[in-house]
Each structure stands twice: as structure tokens, then as C-alpha cells.
2 protein chains.
Amino acid sequence: MADVKSGTNPLFLREEELRQCIELLFFAYRDFTAGPDEILREYNFGRAHHRVIHFVCRNQGITVSELLEILRITKQSLSRVLNALVERGFVEQRPGVTDRRQRLLYLTEEGKKLEQKISKIQRNQVAQAFMEAGGEAVAGYRKVLSGLINESDRERALKRILNK
Amino acid sequence: MADVKSGTNPLFLREEELRQCIELLFFAYRDFTAGPDEILREYNFGRAHHRVIHFVCRNQGITVSELLEILRITKQSLSRVLNALVERGFVEQRPGVTDRRQRLLYLTEEGKKLEQKISKIQRNQVAQAFMEAGGEAVAGYRKVLSGLINESDRERALKRILNK
DNA sequence: AAAGTAAGTCAACATGGCTGACGTAAAATC
DNA sequence: GATTTTACGTCAGCCATGTTGACTTACTTT
């Protein structure tokens, strides 16, 4: 009589472990976004603005369509957020050099300051977790999260993350 | 002339690595939620419904206030989603035994079926990533993500995750 | 010259957060 | 036993951020 719930059943162990790791991701993400949200509120910005600021910072001169592809939202959704950032002087648009239809995106000095302010909180949070966990754990974290990225997009995404 | 951008500057390396790991979390979460979202759409449910289904499944008989604390949303926000799930027969409410003010939450058979269907996708996705990354990496993943949980809530959250 | 592409706009709608005010039943306390 | 607190719920309205669909403009490619 094989007890499905027995600790000796590898399939059950596996499912339970997987569920725990899924939940872990939820809690980590929940608390990981809480800090930035607080600062953003002071500026009347939201998480959507943060994402734009982050990716424009990491990819100065990015095109609108590249940004859309990263964020996986519609251009109408992006435009609201992007226009607000441009109007309030956090993001700057410059026509592309080789293709003048493009409007390349850059953070202004103001934008860079805000990015620093927000990302510092997250970096401290991550640094703290890294210190507690140790270098080997960090390597594991990177490996697993990389594997969670959609396979068809993984290479491109990783290239972007590790860029330069 | 110390080059701040030099690869030999540990502070720069550190910041760059931290930023990469932050971005990794964004991409992983983005693609991690895409699968469930697709299924949920067929039921006219959203991510909010999924979260309720998930945590009620993992904590059968959970009280409304415990659920609110996990999700970190207002009861008004929860009620919309919860009422829909109850009305459509995915979640069941039973009065508490010792405290009859409570309405303990349970998944119905229907609810369990949907949960299985959704979580199977995520479990497969995570299992795949785990296989590619290896057991040591998984341990690292768990360590780091645990450390990302808000310190004041960490113990309680981890207890809930690892429960039973 | 025509077709395709990058980006933007307007309008309307859905989801899921939020606040504030108020209600009801049960439990806990004075 | 009366009062206060607690668990939960509702109504109403607002806001942020996602969606679709239709159309325009400027530029590039063919």
C-alpha cells in the first residue's frame, strides 16, 4: 500500500517542493516591489513607470518597439506612461540617426537621479539577501531564474541582461 | 586615475551584478505568470483569482483576514475576486467552529481541478528549470528568495510556505 | 510611385488596486 | 448584562494600467 503522501514517495516530495518554490517566488516578488512602490508614490508614478525607467536606464537609446517587446504590453499602454515621463522631464526622446522614424529613449539627468534612488533600495535588498545566502547560492539563483525565462526568448533576454 | 567602469573595480562589478539579478527576477516573473494567465482567460479569471485559488489550496480553511495579510490588498479588492470564485463554485465558505464570525475558505472539487490545471503548468516550468540547473542551484535559489522576503514577515511567510 | 514600418493618437472598455462610510453578527471585556 | 471590539461584508466611487480597434504621420524600402 503505497502512501501517496508518504515522505518516501519521490513524486510527492517533488510536487510539494515545486509548490514551495513557486510560492517563494510570489513572496519574494511581493516584497521586492514594495520598496520602489513607496518612493514612486511620492512622484505620483507607479510600477509601470518604474519598469520604463529601469529598462531605459539599462538600455540608453533603446527604441520604442524594443521596449514594447521587453515589457510585453501594447504601445497604447506604454504611451500613457512614457508620455508622462517625457512631459515631466525624466525621459528624453531623440530621433534615430540611421532611421529617423525611431525615437530613441534616454534618461535625463533627473531621470537618472530617480533611477538611482529607486534602484538603490532594491540593490541593497538584493545585496543583503546575497550576503546572507553566499556566492554559491547566488550562482544557483541566477541559473534557476535564467531557466524560468521563456525558452524562445531566453537567449535574447539573457543577452540583454548581461549586455555591454 | 581609477576607472570606475573598469572590470577590476569591485564596487562597479557588484552594482552591475546586482542590477543583472534584479532584471533576471523581472523576466522570470514575467514569463512565469504568462502560462497561468492564458488558462485563466478561458475562465474569465485574472491573476487576482489565481492568487486566491493558490493560497486557499495551500491553506484549506484559511480565514479571510489571513488571506488578506498574505496578499496585502484591501478586503474590498479581495471581495470582488472572492465573490466571483464563490458564486461560480470554485471556492466554498464555512463558518468557523470555534469562532463563528469567521468564514473559512476551501476549494471545491471544481476549484481543486482548476488549481491542478493551472499549477501543473507552473510546476512543469519550474521542474524544467530545476533539472537544467541542478540540485545545488535549487538550494541557492531557495536561500536567496527567502532572503528577499521582508525581514519582519520572513519567519511567518516561510513557516506558511513550508507548512505541514 | 507604392508598400511597408516606427511611432503616435483617439476612444472605449476591463481588471484590479484604492479610500471612505456604514452594517451585522459574534466574541470579548467591563 | 451592557458595551466594545472583532471578523467580515457591502455600496459607491476613484485611479492605474492593461486591452482592442481604427486611423494618421513620417520615414524607409522596394
Side-chain angles (χ1 to χ4, degrees), chain A residues 26 29-30 33-34 36-56 61-88 91-106, chain B residues 26 29-30 33-34 36-56 61-88 91-106:
Chain A
F26 167 81
Y29 199 82
R30 181 195 71 175
T33 48
D37 285 354
E38 223 176 294
I39 293 184
L40 290 157
R41 281 194 54 181
E42 295 169 22
Y43 291 76
N44 277 311
F45 285 146
R47 214 171 276 183
H49 301 87
H50 181 208
R51 289 195 279 262
V52 171
I53 288 173
H54 172 89
F55 284 106
V56 171
I62 191 175
T63 66
V64 170
S65 33
E66 282 174 324
L67 188 52
L68 285 175
E69 200 190 282
I70 291 176
L71 299 176
R72 299 270 165 88
I73 59 176
T74 59
K75 61 178 173 175
Q76 294 92 327
S77 296
L78 175 58
S79 93
R80 240 187 329 228
V81 172
L82 188 53
N83 285 339
L85 288 169
V86 170
E87 272 164 32
R88 291 182 47 194
V91 170
E92 195 186 342
Q93 294 170 312
R94 297 182 213 157
V97 183
T98 62
D99 185 340
R100 276 161 40 216
R101 288 172 305 181
Q102 299 176 334
R103 310 217 182 154
L104 310 184
L105 304 174
Y106 296 86
Chain B
F26 166 81
Y29 200 81
R30 181 196 71 176
T33 48
D37 285 354
E38 223 176 295
I39 293 184
L40 289 157
R41 280 195 54 182
E42 295 169 21
Y43 291 76
N44 277 312
F45 285 147
R47 214 171 277 181
H49 301 86
H50 181 207
R51 289 195 278 262
V52 171
I53 288 174
H54 172 90
F55 284 106
V56 171
I62 191 175
T63 66
V64 170
S65 33
E66 282 174 324
L67 189 51
L68 285 175
E69 200 190 282
I70 292 176
L71 299 176
R72 299 269 166 87
I73 59 175
T74 60
K75 62 178 174 176
Q76 295 91 329
S77 295
L78 175 59
S79 91
R80 243 189 325 228
V81 171
L82 188 53
N83 286 339
L85 288 169
V86 171
E87 272 164 31
R88 292 183 46 195
V91 170
E92 196 186 343
Q93 294 170 312
R94 298 182 212 156
V97 182
T98 61
D99 185 340
R100 277 160 39 218
R101 289 172 303 181
Q102 299 176 332
R103 310 215 183 157
L104 310 185
L105 305 174
Y106 296 86

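Just so it is clear: chains get the letters A, B, ... in the order the sequence lines come, proteins before strands, and each one is counted from 1. Not measured: the values here are computed from a predicted model.
- Taking atom CZ of Arg103(A) as the reference point, atom C1' of dC27(D) lies 11 Å away to the nearest angstrom.
- Distance Glu69(A) CD to dA6(C) C1': 14 Å, rounded to the nearest Å.
- At the heavy-atom level, Gln93(A) lies under 4.0 Å from the strands shown only through sugar-phosphate atoms.
- Between the CG atom of Leu68(A) and the P atom of dG18(D) there is a distance of 11 Å, given to the nearest Å.
- A distance of 5.5 Å separates CD in Gln93(A) from CG in Leu82(A), rounded to the nearest 0.5 Å.
- Looking only at side-chain heavy atoms (C-beta outward), Arg103(B) and Val86(B) stay at 4.5 Å or farther from each other.
- At least one side-chain nitrogen or oxygen of Ser65(A) sits closer than 4.0 Å to the OP1 or OP2 atom of dA7(C).
- Leu40(A) has its CG atom 16 Å from the C1' atom of dC15(D), to the nearest Å.
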What's touching nucleotides 15-17 of chain C from the protein side, N or O pairs under 3.5 Å?
from	atom 1	to	atom 2	distance (Å)
dG16(C)	OP1	Arg47(B)	N	3.2
dG17(C)	OP1	Arg51(B)	NH2	2.2
dG17(C)	N7	Arg80(B)	NH2	2.4
dG17(C)	O6	Arg80(B)	NH1	3.3

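- Look at CD on Gln102(A): it is 10 Å from P on dT28(D), rounded to the nearest Å.
- The interatomic distance linking Leu85(A) (CG) with dG8(C) (P) rounds to 13 Å, in whole Å.
- The two residues Pro95(B) and Arg100(B) come nearest to each other via the heavy atoms CB-O, 4.3 Å.
- By the 4.5 Å heavy-atom criterion applied to side chains, Thr63(B) and Leu104(B) are counted as neighbours.
- The separation between Gln76(A) atom CD and dT24(D) atom C1' is 13 Å, rounded to whole Å.
- Closest of all the heavy-atom pairs between Arg30(B) and Ile70(A) is NH1-O, 2.7 Å.
- Cation-pi check for Arg51(A) over Phe26(B) is not met; the charged atom does not lie both under 6.0 angstrom from the ring centroid and within 45 degrees of its normal.
- Straight-line distance from the CZ atom of Arg94(A) to the C1' atom of dA7(C): 18 Å, rounded to whole Å.
- Using cut-offs of 30° and 60° on the angle between ring planes, the pair Tyr43(B) and Phe45(B) is parallel.
- To the nearest 0.5 Å, the span separating CG on Leu85(B) from CG on Leu105(B) amounts to 10.0 Å.
- In this structure, the nucleotide among dC8(D), dT10(D), dA6(C) sitting nearest to the side chain of Thr63(B) is dC8(D).
- Within the 4.5 Å cutoff, no side-chain heavy atoms of Val64(B) are placed close to those of Leu67(B).
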### Summary
Scoring nucleotides 23-30 of chain C by protein non-hydrogen atoms under 4.0 Å (B base, S sugar-phosphate only, - none) yields ---BS---
